[in-house]
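Lettering follows sequence order; numbering is per chain, from 1. For the numbers below, each heavy atom of this structure counts, side chains included, while hydrogens, waters and symmetry mates do not.
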Amino acid sequence: MAALSVRDLSVRAQGLELVRDVSFEVHSGERVALIGESGSGKSLTAMAIVGLLGRGLSASGEARLGDEDLLGVSERRRCQLRGDRIALIFQDPMTALDPTMRIGRQVGEALRQHRGLSRRQAAEAAVKLLARVEIPDPARYAHSYPHQLSGGLRQRVMMAIAISCDPDVILADEPTTALDVTVQRRVLELLDRLVREEGSALLLITHDLAVVSEMCDRVVTMYGGRVVESGSVESMLTAPQHPYTDALLAASSAVSIDGASGEPLPAIAGSVPAAGQFPPGCPYRDRCPRASQQCTTMPPLEAVGDRTVACWHPVGREEPAAGITTEGTLK
Amino acid sequence: MSAQAEPAGASGPAAAVAGTAGSAGPEVVGGPAVGTRRRVRSFSLVAGGLIVALIIVTALVALIWTPYPALAVDPAGRLAGSSGAHLLGTDQYGRDVLSRLMSGARITLYTGFISVLVATAVGIPAGLVAALYGGVVGQAVLRLTDILYGFPALLAAIALSAALGASTTTAMIAIGVAYIPVFVRVTRANALGVLASEYVMAARAYGRRPWAIVRRHVLPNIATTIVVQMCLLFSLAILAEAALDYLGLGTRPPAPSWGSMLQQAQGYLHSDPALSLWPGLAVFVVVLGFSLLGDGLAELFDVRARR
């Protein structure tokens with residue numbers, strides 16, 4: 001049974017549909033990567049799932065955590081579930097910790113809220129959690145303030161908070177983007193280990209396809225607020241079918257080890273349009289080299305084996321009748 | 001005002017060092033700076049703190065001892081100048097000026113305390129409500145605040161004293177009420193900044209309810225600004241009380257308030273100018289002390305926020 005099951009999730013703001021009909025599942029112990037450029041709706045999807053959308057944004061659809069629909073329950077119930085059964089790791093650990101609260105107390109907050117621990121019990125639990133996220137001398141760091149810690153340590157603290165109540169599902173929104181490259185790997189290894197130990201389901205939002213290939217089981221590609229492709233890591237990263245996934249892969253795997261290939265780094269033509277500026281039909285067709293007239297109608301998300309893809313002209317499935325032309329391609 | 005949120009954004013020394021040492025070993029530095037308290041070399045803070053401490057000690061001492069009873073009349077020794085027996089001389093009834101000033105310090109502190117208590121007890125919760133509920137409730141709080149703000153503080157105090165009868169407490173409640181809008185606005189503006197921060201989002205993400213977030217995250221983060229504001233109001237309230245006493249709307253004679261001492265000394269400005277000088281000087285010094293303390297605290301918090 002899926003730990004987290006998202007069905008037809010949409011997010012709207014002032015008549016604009018920023019996320020449209022997003023569906024995917026994350027099973028217990030499974031790691032699913034949500035990839036796509038900035039502005040593709042990944043973070044909005046995560047925030048909609050936990051019910052933390054900003055003012056003016058509204059979500060519809062379903063996000064089942066076990067047998068409860070997070071979008072359907074009361075705000076009171078959602079507060080009980082957040083941090084207890086579903087946890088969030090934020091992108092920027094520099095701003096996600098309260099500067100006036102000692103580390104130990106902050107780590108113990110979720111436990112006091114959900115498990116009703118006393119101040120002292122929470123403080124003891126916090127030290128143990130800090131040790132679990134490999135913070136050296138946890139007893140001492142528990143008494144520090146956030147500004148006394150480096151970025152990598154702070155992200156470890158965020159992880160300690162996230163796992164404090166043994167959540168079923170962990171949402172990690174680009175957890176290493178704000179960190180030094182040298183620190184990123186260690187933090188990811190830690191996340192990998194923690195998720196394994198907890199047996200939690202992980203939804204990892206990321207740009208980094210190398211991380212995806214190492215850590216994740218399945219990949220969901222988003223573009224223009226829609227899921228355009230999903231499938232297992234092996235099949236997605238070796239044989240992408242949607243031209244957008246294909247382009248993402250080409251752009252990130254082009255860096256050769258010797259750095260002397262002499263070929264320019266492939267880039268995806270154009271940039272992600274602003275919300276509401278996506279073309280009708282397939283949102284990617286303006287930038288897609290394979291687009292045709294047919295793409296002015298939205299392709300359905302079709303399942304082929306373990307893959308789903310929403311494209312009239314998928315890569316590696318050349319159909320002569322499809323009549324791929326460049327006529328329909330807009331600049 | 002957003003300075004309080006800065007420590008998270010600005011990479012402190014620990015973070016900077018960790019960046020360079022990151023390639024070797026875990027990304028750990030020497031650890032948190034335990035026990036290294038920054039030495040404060042702020043003149044305002046030290047001077048203001050000393051003056052305020054002096055006033056408090058004086059008021060406390062006056063509770064149990066003054067050179068002479070503050071209300072003891074001595075017709076024979078009227079308007080005596082400074083002497084060994086009466087350090088600051090005596091007034092028109094022969095009362096010892098130093099003793100009256102010392103007793104007056106207690107009244108002065110009391111007035112400041114009551115005003116600040118009234119203004120904060122109403123202003124801070126109202127500001128938090130306005131920040132938390134943007135809709136009708138929040139707007140209602142803000143509009144009521146505007147109305148109150150449009151009313152001159154001293155005029156409000158005079159009206160209230162006239163209606164309820166002159167007394168120190170009435171006057172001070174009036175001053176406190178008049179300064180409620182300041183606290184509503186300062187609280188709301190700062191609380192809005194904190195509520196928009198990522199750590200509040202993180203607190204919501206681990207299930208904290210709005211008022212718990214206010215208690216645990218918003219109040220500690222806006223406390224510094226509020227404390228500074230309280231010091232400033234304290235000095236303003238003391239000035240206002242002196243003015244009300246002078247007008248005969250505050251503390252009733254013969255209680256030795258500095259304002260009424262000034263008022264009574266006015267009649268002897270030519271013959272005995274020192275009689276006006278002492279209470280005036282006392283008001284000046286206390287107001288200066290609280291203002292300096294407020295400025296010094298603001299500086300101190302600012303330094304800590306930038307660390």
So which of B:P220, B:A203, B:A223 has the largest heavy-atom pair count under 4.5 angstrom toward chain A? B:P220
Output the residues of residues 209-219 of chain B for which the shortest heavy-atom distance to chain A is under 4.5 Å, in residue-number order; output 'none' if no such residue exists. B:R209, B:R216, B:H217
Taking all atoms of both residues into account, what is the closest heavy-atom pair of B:A202 and A:F90, and its distance? CA-CE1, 3.5 Å
Whatever's closer than 4.5 Å to a heavy atom in chain B on A:D98 counts as both
Tell me which donor-acceptor pairs under 3.5 Å the side chains of residues 164-175 of chain A have, and how far apart each pair is, sequence neighbours excluded?
residue : atom : partner : partner atom : Å
A:S164  : OG   : A:I161  : O            : 2.7
A:D168  : OD2  : A:R85   : NE           : 3.0
A:D168  : OD2  : A:R85   : NH2          : 3.4
A:D173  : OD1  : A:S43   : OG           : 3.2
A:D173  : OD2  : A:S43   : OG           : 2.9
A:E174  : OE1  : A:T177  : OG1          : 2.9
A:E174  : OE1  : A:H207  : NE2          : 3.4
A:E174  : OE2  : A:H207  : NE2          : 3.2

Identify the heavy atoms of A:C79 and B:R208 that sit nearest to each other, and give their distance. SG-O, 4.2 Å
Quick check on the structure: residues of residues 107-124 of chain A within a heavy-atom distance below 4.5 Å of chain B, by number. A:E109, A:A110, A:R112, A:Q113, A:H114
Looking only at heavy atoms and a cut-off of under 4.5 Å, which of A:L81, A:L88, A:L52 has the most pairs with chain B? A:L52
Could you tell me which portion of A:R55 (side chain, backbone, both or neither) has an atom closer than 4.5 angstrom to a non-hydrogen atom of chain B? side chain
Residues, nucleotides or ligands: over 12 heavy atoms within 6.0 Å of A:E75 CD: yes
Say you draw a straight line from CE of A:M158 to OH of B:Y206; how long is it, rounded to the nearest 0.5 Å? 8.0 Å
Any B:S197 side-chain heavy atom under 4.5 Å of A:T95 side chain: no
Residue part contacting chain B, namely of A:D92, when any heavy atom lies under 4.5 Å: both
Sequence neighbours excluded, the answer for side-chain contact (heavy atoms from CB on, under 4.5 Å) partners of A:E214 is A:R185
